[in-house]
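Step one of this worksheet: look at the structure below.
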Amino acid sequence: MARLESNFKPDLMAYLRRHHGDMCRHWFDDIEPLDIEGGVVRMLVNEPVQLRYLQRCCVQQFTEAAQQVSGRLLALRFVGPEEEFTAAPEPSVSGGDDLPELGEQMLLSPDYSFENFVVGPGNRLAHAAATAVAEQPGRAYNPFFIHGGVGLGKTHLLQAVTQSILSRNRRAEICYISCGTFTDAFHESVKAGRMNAFRHRFRNVDMLVIDDIHFLAKREQSQEEFFHTFNALYQAGRQVVLSSDAAPQDIPDLEERLTSRFNCGLVARIDKPCYETRVSILKTKARLLDATLPDDVPAYIAARIDSNIRELEGALTKVRGVAHAMGVPITLDLAKAALAADPTANRSAGQPNIQLIVDAVTAFYDVKLTDLLSKRRHKSIALPRQVCMWLARRHTRFSLEEIGGYFGGRDHTTVMHAIRTIDARRKTDDRFSDEVERIELDLTETGA
Ligand code: ADP
Ligand code: MG
């Protein structure tokens with residue numbers, strides 16, 4: 001068995017970063033090249049979730065990199081600490097040979113951990129409950145039901161609970177599947193006359209996690225079966241974790257008995273993240289991707305996109321992609337150019353959004369975005385910031401709290417004070433009044 005040259009790993013990582021930057025994660029640093037035998041490079045991965053993820057999603061890219069940096073036609077395998085050449089036993093898959101193939105479990109993404117989850121006002125309860133469930137499955141909150149709009153972190157939390165339990169107990173039998181997989185498995189088992197195996201499969205796990213349970217709506221037979229699965233698990237003190245796009249009682253065509261079961265544990269709603277949470281999420285994602293962002297870039301992206309986190313990430317990916325293609329570092333100007341024609345930015349219904357307001361005000365007064373969003377109180381910044389607040393109140397639907405939070409974490413009384421100050425000054429100072437009008441005109445023209 002031959003050892004690998006010492007520069008193999010740095011070269012491999014450099015190649016991956018250059019050619020597959022989107023795939024790279026900072027935890028790739030923990031992957032250790034083991035040895036090479038018969039043209040096969042073995043890479044050691046200690047964490048089971050990371051191992052499975054790499055085996056499923058990254059073999060091709062790593063193989064290509066290994067071939068390029070060594071100049072040889074190598075194959076590459078990821079292996080866990082306990083094995084030779086065989087893949088690690090999948091820690092979360094339950095059952096034996098006599099069970100039918102019940103569709104695949106969903107792949108856990110190492111990105112979706114508690115560590116990478118940013119807590120803010122919109123998800124605090126859901127996060128706290130999720131950590132409690134992870135610490136005491138079956139006892140803290142059962143069932144645990146998370147609901148909220150698209151791209152707000154439901155799947156992330158479900159996976160974080162799953163991974164956290166698995167990291168403490170590799171033998172935990174956790175079934176983590178999508179609702180579609182459950183219903184498909186059910187129908188296949190009915191057709192194959194293998195309902196016993198189906199029941200055995202789902203009723204003997206330590207924890208059942210089903211994502212997007214609202215897809216049970218209208219599927220009467222699946223609902224019936226799920227009801228019995230749920231009861232069996234619940235009575236045995238096993239944890240059930242569910243996510244949905246709506247609260248139990250708001251899922252159309254869901255049987256009343258299921259609604260009431262879901263409501264008997266903890267139901268936690270996830271709301272849209274506030275500005276500050278969006279900034280931290282962007283910073284967290286950038287760290288995960290080993291991307292360097294100057295502070296004004298997350299501030300800019302978070303101000304521009306407030307719909308959901310998936311779109312926020314999409315914007316970051318786009319900015320990174322443009323920087324990579326141009327071979328330049330990420331800067332505010334680059335981010336602005338990259339997102340200029342982005343239809344996801346919130347220019348809703350011809351209304352100027354907060355970003356347009358900030359753009360217009362920073363251009364007019366020649367101040368920096370980061371200063372506006374900072375705690376600095378210098379007069380040269382305080383006035384433009386007050387103008388921003390005044391415009392934001394007139395032209396957006398944000399509350400006083402949200403506007404205050406956006407502009408340097410100030411409270412609503414500061415915003416009220418700003419509005420009064422600007423109103424008063426407009427009445428007494430004609431030149432100032434004209435200035436504000438000019439900015440406003442500018443805004444409504446570009447915003448339309
Ligand atoms: P949902 O299942 O609610 O549609 P996801 O869990 O798939 O949303 O989240 C969409 C993306 O946003 C994921 O990449 C996820 O990691 C990220 N995300 C959501 N909430 C957070 C958060 N609080 N902190 C960090 N990333 C988040
Ligand atoms: Mg989801």
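Both ligands and their constituent atoms are indexed starting at 1 by order of listing.
In R269, the CZ atom is not crowded: 12 or fewer heavy atoms of neighbouring residues, nucleotides or ligands sit closer than 6.0 Å. Heavy atoms of other residues, nucleotides or ligands lying less than 6.0 angstrom from CD of E115 number 12 at most. No more than 12 heavy atoms of other residues, nucleotides or ligands shown are found within 6.0 angstrom of CE on M326. Within a 6.0 Å radius of CD in E401, other residues, nucleotides and ligands contribute more than 12 heavy atoms.
Of the N or O atoms in V119, none lie within a sub-3.5 Å distance of an N or O in ligand 1.
Of all atoms in ligand 1, listed by their number and element, those nearer than 4.0 Å to a heavy atom of G149 are 3 (O). Those atoms of ligand 1 that come under 4.0 Å of a heavy atom in K154, given as number and element, are 1 (P), 2 (O), 3 (O), 4 (O), 6 (O), 8 (O). Within ligand 1, the atoms closer than 4.0 Å to a non-hydrogen atom of I309 are 12 (O), 17 (C), 18 (N), 19 (C), 20 (N), 21 (C), 27 (C), numbered from 1 in the order shown. Close contacts of ligand 1 with N116, meaning ligand atoms under 4.0 Å from a residue heavy atom, involve 24 (N), 25 (C). Residue V150 approaches ligand 1 through these ligand atoms, each under 4.0 Å from one of its heavy atoms: 4 (O). Within ligand 1, counting atoms from 1 as listed, the ones closer than 4.0 Å to a heavy atom of N123 are 23 (N).
For the residue pair N123 / H127, no side-chain donor-acceptor distance below 3.5 Å is found, with atom types taken as modelled. A donor-acceptor contact under 3.5 angstrom links the side chains of Q159 and Y176, judged on distance only.
F227 carries R257 over the face of its six-membered ring, with the cationic atom under 6.0 Å from the centre and within 45° of the normal.
Summary of contacts: the protein heavy atom closest to atom 6 (O) of ligand 1 is H156 N, 2.8 Å. With respect to atom 8 (O) of ligand 1, the closest heavy atom belonging to the protein is G153 N, 3.1 Å. Ranking protein heavy atoms by distance to atom 7 (O) of ligand 1, first place goes to R310 NH2, 2.9 Å.
The two residues A126 and I270 have their closest heavy-atom pair at CB-CG1, 3.8 Å.
Note: Y234 and F230 have parallel aromatic rings, judged against thresholds of 30 and 60 degrees for the angle between ring planes.
Contact between G148 and ligand 1 is absent, with no heavy atom of the residue lying under 4.0 Å from the ligand. In this structure, L152 is part of the shell of residues with a heavy atom less than 4.0 angstrom from ligand 1.
Counting heavy atoms from C-beta outward, M416 and H412 have side chains that approach closer than 4.5 Å.
At a cut-off of 2.8 Å, measuring from the Mg ion (ligand 2), the protein N, O or S atoms that fall short of it are T155 OG1, waters left aside.
Proximity of E313 to ligand 1, defined as any heavy-atom pair under 4.0 Å, is confined to the side chain (atoms from C-beta onward). At a heavy-atom distance under 4.0 Å, atoms from both the backbone and the side chain of V118 approach ligand 1.
Ring centroid separation for the pair F182 and F186 does not come in under the 6.0 Å cut-off. Between F28 and F62, a ring centre-to-centre spacing shorter than 6.0 Å is recorded.
R168 has no carboxylate O lying under 4.0 Å from a charged side-chain N of E135, or vice versa, which leaves the two without a salt bridge.
Nearest residue to atom 26 (N) of ligand 1 from K285, R278, E115 is K285 (criterion: closest heavy atom).
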